[in-house]
Amino acid sequence: MTANQEDAFEVLVWQWINAIPTGCVATYGQIAVLCGMPRRARMVGRVLAKLPPDTRLPWHRVINSQGRISNPNPARQLERLAAEGTLMINGRVRLATYQWTP
DNA sequence: TGTTTGACGGACA
DNA sequence: CTGTCCGCCAAAC
């Protein structure tokens, strides 16, 4: 895969995450599929990992397929989710309730 | 150039 | 339910 395609994928990831409505969530794998790159959930995570701390992207709406937080700093994400009404029960989001479907 | 490391996911015990 | 294992793939060693 060329560097250009990598960049394109990164931009797509930004755009799809930006499209997640307030109060909803999406999984890493889901974002990968939406970007037309199935099996690249880890790369979605890598894109998020290099976001600047002050980004306005709603990265907190991206969780793993178990409805759990994969972010190494869960407290921040938990707070942001709670702030928009996405509640976690026993450390997990009910995907059946909150998962976004475009 | 070979190995390890992740903001992953699904299968299985 | 939890823990383990394996496939995944670019980056960092």
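Order of the sequence lines fixes the chain letters, A, B, ..., with proteins taken first and strands second; residue numbering starts at 1 for each chain.
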Taken to the nearest whole Å, CZ/A:Arg76 to C1'/B:dA7 is 12 Å

For A:Arg80 and B:dA7, give me the distance from atom CZ to atom C1', rounded to whole Å.
14 Å

Separation of A:Met37 atom CE from C:dA10 atom C1', in whole Å?
11 Å

Atom-to-atom span, CZ of A:Arg46 to P of B:dA7 - whole angstrom
10 Å

Starting from P on C:dA11, measure out to CG on A:Asp7 and report it in whole angstrom.
10 Å

Taking all atoms of both residues into account, what is the closest heavy-atom pair of A:Pro102 and A:Gln30, and its distance?
CD-NE2, 4.1 Å

Let me spell it out: for each of A:Arg42 and A:Lys50, pick the nucleotide of DNA chain C with the closest heavy atom. Which residue's pick is nearer the 5' end?
A:Arg42

Whole-Å gap separating P (C:dC9) and CZ (A:Phe9):
11 Å

Measure CD/A:Gln66 against P/C:dG3 and give the value in whole Å, please.
13 Å

Check this one for me: any side-chain N or O of A:Arg39 less than 4.0 Å away from OP1 or OP2 of B:dG9?
no

Base, sugar-phosphate or nothing for A:Asn64? Non-hydrogen atoms, less than 4.0 Å.
sugar-phosphate

Kindly point out which of C:dC9, B:dA7, B:dG9 is positioned nearest to the side chain of A:Ser70?
B:dA7

Take the protein atom CD1 of A:Ile69 and the nucleotide atom C1' of B:dA7, then report the distance between them rounded to whole Å.
10 Å

Heavy-atom nearest pair, A:Gln77 first then A:His60, reads NE2-O, 2.9 Å

Winner on side-chain proximity to A:Arg92, out of C:dC1, C:dC8, B:dA7, is C:dC1

On a heavy-atom basis, the closest approach of A:Thr27 and A:Val62 is C-CG1, 4.2 Å

What closest approach, in Å, do A:Gly85 and A:Tyr98 show between heavy atoms, and which atom pair accounts for it?
O-OH, 3.7 Å

Closest heavy-atom pair, A:Ile20 versus A:Ala26, reported as atoms and distance to 0.1 Å, is CD1-CB, 3.7 Å

Against the side chain of A:Arg68, the closest entry in B:dA7, C:dT2, B:dG9 is C:dT2

